[in-house]
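Comments concern the structure below.
The sequence lines fix the lettering, A, B, ..., with proteins before strands; numbering per chain opens at 1.
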2 protein chains.
Amino acid sequence: MESKNAKEWKCPVEVILAMVSGKWKIMIFRELASGKPVRYNQISDNIPHVSAKVLTQQLREMEADGLLRREIFQEIPPRVEYSLTECGLGILKAMMELRKWGYGLKDVDMSKCEECGAYRLYYDE
Amino acid sequence: MESKNAKEWKCPVEVILAMVSGKWKIMIFRELASGKPVRYNQISDNIPHVSAKVLTQQLREMEADGLLRREIFQEIPPRVEYSLTECGLGILKAMMELRKWGYGLKDVDMSKCEECGAYRLYYDE
DNA sequence: CCGGATCCTAAGGGATACTG
DNA sequence: CAGTATCCCTTAGGATCCGG
């Protein structure tokens with residue numbers, strides 16, 4: 001059995017990459033980019049093909065990582081709103097540096113989604 | 001069967017995240033951060049716990065993605081050197097923005113590796 | 001409306017042995 | 001020195017059904 005150092009020893013870049021690595025998290029960032037609270041269904045509607053289970057799962061992971069907050073309104077019907085925290089907004093901003101390089105890469109399809117009409121991730125164009 | 005749009009439609013941030021997402025790729029970036037060519041064993045020696053198979057695999061993926069170049073010298077014993085491309089260096093630099101935020105996060109162990117004495121990823125301190 | 005519980009599959013990564 | 005070749009296992013993510 002090997003030492004577990006490789007797992008226990010954390011690097012700031014790897015920690016952040018782990019927090020944003022999830023199939024739909026970039027798109028969740030986009031939906032919350034304004035900083036304003038957004039309802040669950042609004043997020044769901046703007047992200048085609050994601051199942052409720054997986055979306056919820058990724059939202060919970062992001063909440064646990066401190067990227068977003070979740071507010072529950074005890075109403076009928078129920079309402080839940082999500083919004084990015086300061087940390088989430090800061091990381092989103094940092095990712096824009098990666099985005100600048102991404103634009104220069106070949107094999108990147110920058111067209112909009114045919115279904116929702118949006119880019120996967122945009123920011124003050 | 002669903003539309004495959006979700007997979008075919010590429011986002012610049014996701015493309016880059018995919019390119020740097022590999023258990024050892026951040027550490028490979030660190031080894032090549034100087035921009036100078038580095039031999040295979042030099043990389044391997046500075047990254048504890050990685051097997052030859054996986055290290056080679058990740059190096060090849062990064063080469064295919066245009067992040068690094070691989071030079072083979074037909075000598076005995078054989079010599080192979082790796083170095084970051086302009087693209088790789090640019091992405092490394094962009095990742096430093098993520099790193100700034102990472103430093104502010106809780107649960108990030110910033111101590112050096114006990115075996116190799118280095119941080120997983122550093123850059124002109 | 002916003003999920004939880006359960007089951008399943010694909011793929012990244014690890015252990016070990018071997019080689020031009 | 002710098003890798004291949006196999007075999008194996010864990011885990012993220014998906015499908016489907018159920019519930020406050």
Side-chain angles (χ1 to χ4, degrees), chain A residues 1-9 14-15 17-28 31-32 37-65 68-83 120, chain B residues 1-8 14 17-28 31-32 37-65 68-83 120:
Chain A
M1 200 58 179
E2 283 295 318
S3 146
K4 290 184 182 172
N5 257 349
K7 289 193 175 182
E8 293 169 357
W9 175 37
E14 287 183 340
V15 168
L17 288 180
M19 296 192 313
V20 303
S21 292
K23 188 163 177 182
W24 311 97
K25 288 184 182 175
I26 298 298
M27 303 179 79
I28 292 171
E31 295 308 312
L32 305 180
V38 179
R39 296 189 62 170
Y40 178 90
N41 267 0
Q42 203 172 337
I43 299 173
S44 178
D45 291 346
N46 287 324
I47 304 182
H49 310 302
V50 67
S51 71
K53 174 206 144 183
V54 173
L55 179 57
T56 298
Q57 188 177 284
Q58 308 235 328
L59 285 166
R60 293 296 159 86
E61 286 173 13
M62 292 173 74
E63 184 189 10
D65 287 334
L68 55 78
R69 67 181 73 82
R70 179 167 172 266
E71 282 182 291
I72 308 167
F73 298 84
Q74 291 295 0
E75 307 170 356
I76 294 178
R79 178 160 62 107
V80 179
E81 291 185 344
Y82 297 87
S83 54
R120 276 183 112 95
Chain B
M1 201 60 179
E2 283 295 319
S3 147
K4 289 184 181 174
N5 257 349
K7 289 192 174 181
E8 293 170 358
E14 287 183 341
L17 288 180
M19 295 191 313
V20 303
S21 291
K23 189 165 176 181
W24 310 97
K25 289 184 182 175
I26 297 297
M27 304 179 77
I28 292 171
E31 295 308 311
L32 304 180
V38 179
R39 296 188 62 168
Y40 178 90
N41 267 358
Q42 203 171 337
I43 299 173
S44 178
D45 290 348
N46 288 324
I47 304 182
H49 310 302
V50 67
S51 71
K53 172 200 143 184
V54 174
L55 180 56
T56 298
Q57 186 178 286
Q58 308 236 326
L59 285 166
R60 293 296 159 85
E61 286 173 13
M62 291 173 73
E63 185 190 9
D65 287 334
L68 54 79
R69 66 180 74 82
R70 179 167 173 265
E71 283 182 291
I72 308 168
F73 298 83
Q74 291 293 0
E75 308 170 355
I76 294 177
R79 179 162 60 108
V80 178
E81 291 186 344
Y82 297 88
S83 55
R120 278 184 110 97

Has [X] got a side-chain N or O lying under 4.0 Å from the OP1 or OP2 atom of [N]?
X: R70(A); N: dC2(C); value: no
X: Y82(A); N: dC2(C); value: no
X: R39(B); N: dA2(D); value: yes
X: R79(A); N: dG3(C); value: no

What verdict does the salt bridge (charged side-chain N to carboxylate O under 4.0 Å, His left out) test give for E61(A) and K25(A), after you've listed the backbone C-alpha separation in whole Å, the side-chain angles of each residue and the deciding distance to 0.1 Å? CA-CA 10 Å; E61(A) 286 173 13; K25(A) 288 184 182 175; 2.8 Å; yes

[N] [atom2] sits how many Å from [X] [atom1], rounded?
X: I76(B); N: dT19(C); atom1: CD1; atom2: P; value: 18 Å
X: L55(A); N: dC1(C); atom1: CG; atom2: C1'; value: 13 Å
X: W24(A); N: dA12(D); atom1: CH2; atom2: C1'; value: 13 Å
X: E71(B); N: dA2(D); atom1: CD; atom2: C1'; value: 16 Å
X: Y40(A); N: dC1(C); atom1: OH; atom2: P; value: 12 Å
X: I47(B); N: dG14(C); atom1: CD1; atom2: C1'; value: 16 Å
X: I43(A); N: dC1(C); atom1: CD1; atom2: C1'; value: 13 Å
X: I28(A); N: dG13(D); atom1: CD1; atom2: P; value: 10 Å

CD on Q58(A) to NZ on K53(A), rounded to 0.5 Å: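 So the NZ of K53(A) and the CD of Q58(A) are separated by 10.0 Å.
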
Just so I know, are the side chains of [X] and [Y] near enough to count as touching, which here means a heavy-atom distance under 4.5 Å?
X: R120(B); Y: E14(A); answer: yes
X: T56(A); Y: Y40(A); answer: yes
X: E63(A); Y: D65(A); answer: no
X: V38(B); Y: Y82(B); answer: no
X: R70(B); Y: V80(B); answer: yes

With a 4.0 Å heavy-atom cut-off, tell me which residues in residues 56-64 of chain A come close to DNA chain C, sorted by residue number.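 Of all residues in residues 56-64 of chain A, the ones placing a heavy atom under 4.0 Å from DNA chain C are T56(A), R60(A).
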
For E71(A), is there an ion pair with R69(A) - N to carboxylate O distance below 4.0 angstrom?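 Result for this pair is no, no salt bridge flagged.
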
Mind checking side chain to side chain contact (heavy atoms under 4.5 Å, CB included) for E31(A) and listing every partner two or more places apart, or none if nothing turns up?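 Only I43(A), N46(A), I47(A) meet the side chain to side chain contact (heavy atoms under 4.5 Å, CB included) criterion with E31(A).
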
Between dC2(C), dG13(D), dC1(D), which one does the side chain of N41(A) approach most closely?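 Given the options dC2(C), dG13(D), dC1(D), the side chain of N41(A) is closest to dC2(C).
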
So, does the side chain of K53(A) form a donor-acceptor pair with the base of dG3(C) at under 3.5 Å?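 Answer is no: no donor-acceptor pair is held.
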
Could you give the angle between the helix axes at the two ends of the helix from dC1(C)-dG20(D) to dG20(C)-dC1(D), with five pairs per end, rounded to 10 degrees?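 Overall, the helix from dC1(C)-dG20(D) to dG20(C)-dC1(D) bends by 60° from one end axis to the other.
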
